[in-house]
2 protein chains.
Amino acid sequence: MAKHDPDLSLLFHALADETRRSILSRLAEGPAPVSKLAGPTGLRLPTVMRHLSVLEAAGLIATTKDGRIRTCAIVPEALSPVRTWLDEQRAIWEARLDRLDTYVTKATKERAK
Amino acid sequence: MAKHDPDLSLLFHALADETRRSILSRLAEGPAPVSKLAGPTGLRLPTVMRHLSVLEAAGLIATTKDGRIRTCAIVPEALSPVRTWLDEQRAIWEARLDRLDTYVTKATKERAK
DNA sequence: GCTATAGTTAGCATCATGGCTAAGCATGAT
DNA sequence: ATCATGCTTAGCCATGATGCTAACTATAGC
């Protein structure tokens, strides 16, 4: 039960913050420099920088520095582990629900005898 | 850019922990009492209890107390907001990639003239 | 070279999180 | 009535997350 998916923890943690999600939404419209991202948040630059670090550490964004401007861009495939995990869980949960449903149906029939 | 989806933050935060995800996986096989959940984690009961509280606050599990045993069960539909958000993001990101692709293609053709 | 701009780094305050132990309470078994 | 079981509460400690200010670096423009 130790450390199975450090990735997933990083990803979920990065997504667990409204500010970071809003930054992602903003970036969905296209790459942007740090200050443009900071603007709408109402937060100070260093604070936004740290949010960006978290996003980058999770692999959700990539940044490149050109002159004195750092441009941030989304990494679209970064969400796939999350999606995969979600799909797995849904599969298992629904399979169980089916079994439970079957069981209940059978039990009900039994009782009806 | 204020508080849009407190739910999403709760959900993502609940999922951002390996222990909690493993508890969910365990619960996917069927409802279980608190002690049965605590066992595999190697953590103490109070600690597990708090993980369960987090999961319950996020709506991911539901618990009922029968006698002195509290039974925990998964809430299958709880993941749908996450799924929805993910789908939205993918849609936007991919749309943008398509536009970018179109642009690049066009630009390349232009250059080829 | 000087100045404004864009990030960056360092350091601090505060609160949340994740773990623990110890003690308490309610219920089931004897 | 007593005791074991299963959970719960209270409280502590260490660490990490989130915000800030202030000071620093590095580039662009003049």
Side-chain angles (χ1 to χ4, degrees), chain A residues 1-24 26-27 30-73, chain B residues 1-24 26-27 30-73:
Chain A
M1 208 85 349
K3 30 157 62 188
H4 272 238
D5 291 286
D7 295 1
L8 273 181
S9 293
L10 276 181
L11 280 171
F12 279 127
H13 173 247
L15 296 175
D17 184 287
E18 167 67 26
T19 300
R20 288 194 286 266
R21 288 198 304 278
S22 77
I23 289 177
L24 284 182
R26 168 64 185 77
L27 282 179
V34 177
S35 346
K36 286 274 190 273
L37 294 175
T41 65
L43 299 174
R44 299 293 183 172
L45 255 185
T47 306
V48 173
M49 285 288 298
R50 290 184 64 172
H51 281 301
L52 292 176
S53 307
V54 172
L55 288 171
E56 193 168 20
L60 285 164
I61 69 171
T63 74
T64 53
K65 191 151 185 184
D66 189 14
R68 64 186 158 165
I69 293 180
R70 176 172 300 277
T71 302
C72 306
Chain B
M1 208 87 347
K3 31 156 62 186
H4 272 241
D5 292 286
D7 294 1
L8 272 182
S9 293
L10 276 182
L11 279 170
F12 279 127
H13 172 249
L15 296 175
D17 184 288
E18 167 67 27
T19 300
R20 287 194 287 266
R21 288 198 304 276
S22 76
I23 288 178
L24 284 182
R26 168 63 185 75
L27 282 180
V34 177
S35 345
K36 286 272 190 276
L37 293 174
T41 64
L43 299 174
R44 300 294 183 169
L45 256 184
T47 307
V48 174
M49 283 289 298
R50 290 184 63 172
H51 282 301
L52 292 176
S53 306
V54 172
L55 289 171
E56 193 168 19
L60 285 165
I61 69 173
T63 74
T64 53
K65 191 150 185 185
D66 189 14
R68 62 186 160 168
I69 294 180
R70 175 172 300 279
T71 303
C72 306

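Scope of the values below: all heavy atoms of this structure, side chains included, with no hydrogens, waters or symmetry mates. Chain letters run A, B, ... following the sequence lines, proteins first and then strands; every chain starts at 1. Please read these numbers as outputs of a predicted model, since none were measured by experiment.
Applying the 4.0 Å criterion to OP1 and OP2 of dT17(C), one finds that H13(B) has a side-chain N or O inside that range. Here R20(B) reaches the OP1 or OP2 of dG18(C): one of its side-chain N or O atoms lies under 4.0 Å away.
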| query | What one-letter contact string describes nucleotides 21-30 of chain C from 5' to 3', where B marks a base within less than 4.0 Å of any protein heavy atom, S marks contact via sugar-phosphate atoms alone, and - marks no contact? | reply | BB----BS--
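At whole-Å resolution of the value, CG in D17(A) and P in dT17(C) are 12 Å apart. Here dT17(C) presents its P atom at 17 Å from CZ of F12(A), a figure rounded to the nearest Å. Whole-Å rounding puts the L43(B) CG to dG19(C) P distance at 5 Å. In this structure, the CG atom of L52(A) is 13 Å from the P atom of dT9(C), given to the nearest Å. Rounded to an integer number of Å, the gap from L45(B) CG to dG18(C) C1' is 15 Å. Distance R50(A) CZ to dC20(D) C1': 11 Å, rounded to the nearest Å. Rounded to whole Å, the distance from CE on M49(B) to P on dG11(D) is 17 Å.
Listed by chain and residue number, H13(A), A14(A), R20(A) satisfy the side chain to side chain contact (heavy atoms under 4.5 Å, CB included) test with V54(A) (two or more places apart in sequence, or in another chain). Considering only residues two or more places apart in sequence or on other chains, A32(A) meets the side chain to side chain contact (heavy atoms under 4.5 Å, CB included) condition with R26(A), L27(A), K36(A), L37(A). In this view, R50(A) satisfies the side chain to side chain contact (heavy atoms under 4.5 Å, CB included) rule with no residue, not counting sequence neighbours.
A distance of 5.0 Å separates CZ in R21(B) from CG in L8(A), rounded to the nearest 0.5 Å. One finds the CG atom of L11(A) at 11.5 Å from the CG atom of L15(B) (value rounded to the nearest 0.5 Å).
The residue I69(A) sits close only to the backbone: its heavy atoms come under 4.0 Å of sugar-phosphate atoms, none of a base.
Taking the side chain of T19(B) as heavy atoms from C-beta on, and the options dT8(D), dG19(C), dG18(C), the nearest nucleotide is dG19(C).
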Kindly list each side-chain donor-acceptor pair under 3.5 angstrom involving residues 58-72 of chain A, sequence neighbours excluded, with atom names and distances?
from   : atom 1 : to     : atom 2 : distance (Å)
T63(A) : OG1    : E56(A) : OE2    : 3.2
T63(A) : OG1    : R70(A) : NH1    : 2.8

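Across the interface with DNA chain D, nearest-nucleotide mapping of K36(B) and H51(A) shows K36(B) to be the residue nearer the 5′ end.
Annotation for A38(B) and L45(B): closest pair CB-CD2, 4.1 Å, computed over non-hydrogen atoms.
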